[in-house]
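Here's the structure we're looking at; comments come further down.
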Amino acid sequence: MTTQNPAVRVRFAPSPTGYLHIGGARTALYNYLYAKAVGGTFVLRIEDTDLERSKAEYEALQIEDLKWLGIHHNEGPDKPNPKYAPYRQSERGEIYTKYAQQLIEKNLAYYDFCTDEELEEMKKRSELEGGDPRYDGKWKNPEFNAEAKKRVAAGEKCAIRFRAPDKAYTLNDKVKGEVTYPEGMVGDFVIVRSNGLPVYNYCCVVDDMLMEITHVIRGEDHLNNTVRQLMIYEALSAKPPQFAHVSLLIGHDRQKLSKRHGATSVNLYKNEHYLPEALCNYLTLLGWSHPKETDIFDKEELFDIFDIERFSAHSAMYDLEKLKWVNGQHIKKLATPDLLKLVEELPETEFLKKQTPAWKTAAVESAKPYVHFLNEIPVFINNTFLKESFEMTDALKEILGWETTPKIVDYIHGEISKVTTEYITEVELNGWMDHVKKELAIKGKPLFQGVRATLTGQDHGPELKLIIPLTPVNVLKKRVSELKK
RNA sequence: GGUCCCAUCGUCUAGCCCGGUCUAGGACAUCGCCUUUUCACGGCGGUAACAGGGGUUCGAAUCCCCUUGGGACUACCA
């Protein structure tokens, strides 16, 4: 059992600029599982400082997707703890301003009036010199502080730039180990834009500090950013949290997973009726391993054992094939009544709802081993038990081409026309089978495949004695007479 | 370009921190066999990997260095 530590506070901090991404879901899941495992708190914070891209509806959509996955936060915009609220960065402007002022007072940051053109020129110049783009404007010089303050007081707009210390930083990352950022790796960077809005690397630190975040589990794409954040923690005299930079999810071309790789938003999987448990299961496995090396589990089974030590350091390829298998495993794992309930929530299942509870249960049960996805179940049931017509596949043609098959069709056609009950029994079916075997001298593969083809119009499926007694006689009659033609 | 990260079967991974028990284990996919008087389901088995080169050591997948390859970051985006 993972050591309990109620003081642990983790967070997931998405930007509401689109649907919840599969990679974001994985990060959220890891944070959630860690909080559960140590008995800590999972915070949801909305990073909406990019006004142009952030949309309120995306926030709602992402929260909905998280809820669908069963990843529940303890604190967030909808569940505020007064001690830490608000949880949207767009509502925390005063806080960021206050700390930015402090940094300026201490000369750890400064006002910068450079125009875009000046910045652009500076960038070009440093590129020519072969180095990294670096700020070397005049406002860096403290002798201009007095002038800067005067212009700010006069209401002039300007950015606030952080004075990056010229020294090396070392991060002790839970996944990557010791990471050293060399001296002079980054130049002075903007922490507050000239429109007054703070920038990610700055507000992220202020928030994590104020929200008393103890562990930051996030994607490796933030690894190099961390040096800037370490600098700000230092300037604010705050202790940085424990970082764990998990590897990225990649597509088949080994590039960071993005929209062009296909289905990368969680809502797509919801719409396709994937089981949320299965998605979580698969996502967990992409970068974390179960100590017992099992592959199939529910989130709840991880609450006791999830451990930050078992992250893998290299990126993982997102593979729909294995997700498909995991989804199938979770379907098999579900108790049939629960599965039936889920199936009946699917669209276009009215035909199923008309059936008796016993029939529905038996039908769903028979479908279980054959499907990987929920929405395959009604299709399977319809094709197997209810559909009168069928597709003339090559495999079916082959069976019908055997010399034995027409005899079976003839015989069953004759027998079934005498039936007056709604369903035939297993005993009746066995009687027909016996007759074909003894009187027509057909056995083995020609017998079973012949009868299956005659009665179902399919070349494969569950055992005949299981499905035929569940198929209405009028359906069977239609199928047989179609073949008789 | 610069900085940082990563490197075990086709894919996800165990093992690596604390060298020997690893002729490298599991899972997906794939192939074969068995079972089912049929097909499927299922069961069993096969193919398949320590990127390369140097060290260190009696001994290296495991520790160190180099090379190669891949990735991320490099904004008044997050």
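In the text below, chain A, chain B and the rest are named by the order of the sequence lines, each starting its count at 1.
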Is there a Watson-Crick or G-U wobble partner for [N] with both distances under 3.5 Å, and which nucleotide is it?
N	result
B:A48	none
B:A72	B:U3
B:A14	none
B:A40	none
B:G20	B:C58

For atom [atom1] of [X] and atom [atom2] of [N], their distance in whole Å:
X	N	atom1	atom2	answer
A:E52	B:A75	CD	P	18 Å
A:W139	B:C76	CH2	P	18 Å
A:W325	B:G42	CH2	P	11 Å
A:Q89	B:C77	CD	C1'	12 Å
A:R218	B:C77	CZ	P	18 Å
A:N224	B:G71	CG	P	16 Å
A:I296	B:G26	CD1	P	17 Å
A:L466	B:C41	CG	P	16 Å

Would [X] and [Y] count as having a side-chain donor-acceptor pair, cut-off 3.5 Å?
X	Y	answer
A:Y96	A:D207	yes
A:N31	A:H215	no
A:E118	A:T115	yes

What interatomic distance, in whole Å, is found between [atom1] of [M] and the corresponding atom of [N]?
N	M	atom1	value
B:G52	B:A24	P	15 Å
B:G1	B:G55	P	30 Å
B:G26	B:C63	P	23 Å
B:U67	B:G59	P	26 Å
B:C28	B:U68	P	38 Å
B:U47	B:G25	P	10 Å
B:U23	B:C50	P	14 Å
B:C73	B:C65	C1'	26 Å

Query raised in the report: With under 30° as parallel and over 60° as perpendicular, where do the rings of A:F297 and A:H290 fit, or are they tilted in between?
Result: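 It falls in the tilted class, 30° to 60°.
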A quick test of your reading: do over 12 heavy atoms of other residues, nucleotides or ligands sit less than 6.0 Å from [atom1] of [X]?
X	atom1	value
A:E57	CD	yes
A:Y19	OH	no
A:K138	NZ	yes

Report task. Indicate yes or no for a side-chain donor-acceptor contact from A:D112 to the backbone of A:W139 under 3.5 Å, with no hydrogens or angles considered. Result ->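 It does not hold such a pair.
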Query raised in the report: Are A:Y370 and A:F380 close enough that their ring centers fall under 6.0 Å?
Result: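 Yes, the ring of A:Y370 comes within the 6.0 Å limit of the ring of A:F380, centre to centre.
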Sugar-phosphate, base or nothing in reach of [X], heavy atoms under 4.0 Å:
X	answer
A:H245	nothing
A:T294	nothing
A:L119	base
A:Q255	sugar-phosphate
A:C204	nothing
A:D112	nothing

Query raised in the report: Does anything in residues 446-459 of chain A pair up under salt bridge (Lys or Arg N to Asp or Glu O under 4.0 Å), and if so which pairs, sequence neighbours excluded?
Result: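 Non-adjacent pairs meeting salt bridge (Lys or Arg N to Asp or Glu O under 4.0 Å): zero.
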Query - Qualifying residues under side chain to side chain donor-acceptor pair (under 3.5 Å), relative to A:S289, sequence neighbours excluded - result: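 Partners of A:S289 by the side chain to side chain donor-acceptor pair (under 3.5 Å) criterion, ordered by chain and then number, come out as A:R310.
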**Report entry** Sorted by number, the residues of residues 191-199 of chain A with heavy-atom contact under 4.0 Å to RNA chain B
**Finding:**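 Result for residues 191-199 of chain A: A:R193, A:S194, A:V199, sorted by number.
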Requested in this report: Taking the six-membered ring of A:F162 (Phe, Tyr or Trp), confirm whether the NZ or CZ of A:R228 is under 6.0 Å from its centre and within 45° of its axis.
Outcome: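 Pair A:R228/A:F162 does not count as cation-pi.
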**Report entry** Stacked cation flag A:R151 on A:F113, 6.0 angstrom / 45 deg
**Finding:**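 Yes, a cation-pi geometry.
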[X]/[Y] ion pair, N-O < 4.0 Å:
X	Y	value
A:E301	A:K333	yes
A:E234	A:K167	yes
A:K322	A:D319	no

Return the polar atom pairs (N/O with N/O) between nucleotides 37-40 of chain B and the protein under 3.5 Å, or none.
unit_1, atom_1, unit_2, atom_2, d
B:U37, O2, A:G444, N, 3.2
B:U37, N3, A:K437, NZ, 3.3
B:U37, O4, A:K437, NZ, 2.8
B:U38, O2, A:Q449, OE1, 2.7
B:U38, O2, A:R452, NE, 3.4
B:U38, N3, A:R452, NH2, 3.1
B:C39, O2, A:G461, N, 2.8
B:C39, N3, A:R452, NH2, 3.1
B:C39, N3, A:G461, O, 2.9
B:A40, N3, A:Y370, OH, 2.7

Requested in this report: Do nucleotides 5-17 of chain B as a string where each nucleotide becomes B, S or -: B if the base has a protein heavy atom under 4.0 Å, S if just the sugar-phosphate does, - if no protein is that close.
Outcome: BSS---SBSSS--
Query raised in the report: Looking only at side-chain N and O atoms, does A:K324 come under 4.0 Å of OP1 or OP2 in B:A29?
Result: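 Checking A:K324 against B:A29: no side-chain N or O falls below 4.0 Å of OP1 or OP2.
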Please write out the pairs of protein N or O atoms and N or O atoms of nucleotides 47-51 of chain B separated by less than 3.5 Å, giving the distance to one decimal.
none

Query - Option from A:R218, A:K176, A:E220 for which side-chain hydrogen bond (donor to acceptor under 3.5 Å, both in side chains) with A:H245 holds - result: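 In the set A:R218, A:K176, A:E220, the residue that makes a side-chain hydrogen bond (donor to acceptor under 3.5 Å, both in side chains) with A:H245 is A:R218.
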Query raised in the report: For the base of B:A78, is there a side-chain donor-acceptor partner from A:D221 under 3.5 Å away?
Result: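 Looking at the base of B:A78, it does not pair with any donor or acceptor on the side chain of A:D221 (distance under 3.5 Å).
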Query raised in the report: RNA chain B: A:K332 or A:E47, which has the more 5' nearest nucleotide?
Result: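 Per heavy-atom nearest nucleotide, the more 5' residue is A:K332.
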